[in-house]
Amino acid sequence: NLGVVNIPVVVHVVYSNSQQNISDAQIASQIAVLNADFNATNNDASNTPSEFAGLVADSDISFTLLETQRHSDSRTEWGTRDDVKYAYPPVSPSNTLNIWVANIGGGILGYAQFPGGPAATDGVVIAPQFFGTTGYVSAPFDKGRTATHEVGHYLNLRHIWGDGRCRQDDFVADTPSSDGPNYDCPSYPTVNCKSNDMTMNYMDYTNDACMYMFSEGQKARMRTVFMESGPRTGFVN
Ligand code: ARG
Ligand code: ZN
Ligand code: CA
């Protein structure tokens, strides 16, 4: 009943060298991946094994790049404690997704704030070499799925293993329980907790080429945040 929800995006490129000052084309490539992945128009969705094929969700969420802000800064690593957000504050976070493209350090690809957190730090941070599909990108995280994963968190999704053992839930009924993340490119079936893992879900930790779907249950959980009195209702009002 909400129809397609459009999310305006402001990208803050914070760079300490020219490579990190990624091109407009690289940014556009990331917006295109978000639009494909949140509408199940990504070509690799068809790789989904038949056990899960009926659960592949068109989440009906679209993304429009509003603005890119570029900031030269001598700091080379920003960590995961929101320093980059305090240095370059978000634009209208109640109705805009802010994405900081900045080197985090420590091998971290990206991190996100869940809905309901402080406005001053709302949004996601992604390292430049894991953002988009062209330009300064680094395999096997060069298909834009870090942003898909982090925006999933931003829209209230948990990791599919629930960040705990078999009984720990991700609060989504149609993602089978698992006892931890999967990495690299697992073969199907990968069995944990007596069921086949949905290793191809964006909310696992596999390589970009090996994650290609959200489930219907995840779609419902994400869209709930846009409802009246939901934490991200500002995007629809
Ligand atoms: N927060 C996770 C990390 O930094 C992101 C994982 C994204 N996975 C991916 N295939 N792009 O490790
Ligand atoms: Zn995550
Ligand atoms: Ca589940």
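Side chains included, hydrogens not; waters and symmetry mates left out as well; all remaining heavy atoms used. First listed ligand is number 1; within each ligand, the first listed atom is number 1.
Residue N182 forms a side-chain hydrogen bond (donor to acceptor under 3.5 Å, both in side chains) with just one option from T206, D197, T199, and that option is D197.
Within the sub-2.8 Å shell of the Zn ion (ligand 2), the protein contributes these N/O/S atoms: H149 NE2, H153 NE2, H159 NE2.
Between the side chains of D142 and S138, no donor-acceptor pair is found at a separation under 3.5 Å. Using a 3.5 Å distance cut-off with no hydrogens or angles, the side chains of T146 and E150 do not pair a donor with an acceptor. Side-chain atoms of T233 and E228 form no donor-acceptor pair, as typed in the model, at a separation below 3.5 Å.
Within the listing of ligand 1, atoms 11 (N) sit less than 4.0 angstrom from a heavy atom of R145. Each of the atoms 9 (C), 10 (N) of ligand 1 lies under 4.0 Å from some heavy atom of T206.
For R165, the CZ atom is loosely surrounded, since the number of other residues' heavy atoms within 6.0 Å does not exceed 12. Open room surrounds CG on N43; 12 or fewer heavy atoms of other groups in view lie less than 6.0 Å from it.
Checking only distances, L109 does come within under 3.5 Å of ligand 1, N or O to N or O. For ligand 1, the polar-atom distance check against Y205 finds no nitrogen or oxygen pair separated by under 3.5 Å. Considering backbone and side-chain atoms alike, N207 places every N or O at 3.5 Å or more from each N or O of ligand 1.
For atom 2 (C) of ligand 1, the closest non-hydrogen atom on the protein side is E150 OE2, 3.6 Å. Considering only non-hydrogen protein atoms, atom 9 (C) of ligand 1 sits nearest to D208 OD1, 3.2 Å.
Using a non-hydrogen distance threshold of 4.0 Å, K143 does not register as a contact of ligand 1. Within the structure, ligand 1 has F141 among the residues with a heavy atom less than 4.0 angstrom away.
Hydrophobic clustering, defined by side-chain heavy atoms of Ile, Leu, Val, Met, Phe, Trp and Tyr closer than 4.5 Å, leaves F114 isolated from every other such residue.
Take the Ca ion (ligand 3) as the corner point: the lines to O of V172 and to O of T175 open at 110°, to the nearest 10 degrees.
Residues Y212 and Y202 place their aromatic rings such that the two centres sit no closer than 6.0 Å. Separation of the Y205 and H159 ring centroids falls under the 6.0 Å cut-off.
Contact check on D174 versus K219 returns no salt bridge, with no Lys/Arg side-chain nitrogen under 4.0 Å from an Asp/Glu carboxylate oxygen. At a threshold of 4.0 Å, the pair K143-D37 does not count as salt-bridged, since none of the basic side-chain nitrogens sits closer than that to a carboxylate oxygen.
The Ca ion (ligand 3) lies under 3.0 Å from an N, O or S atom belonging to D170.
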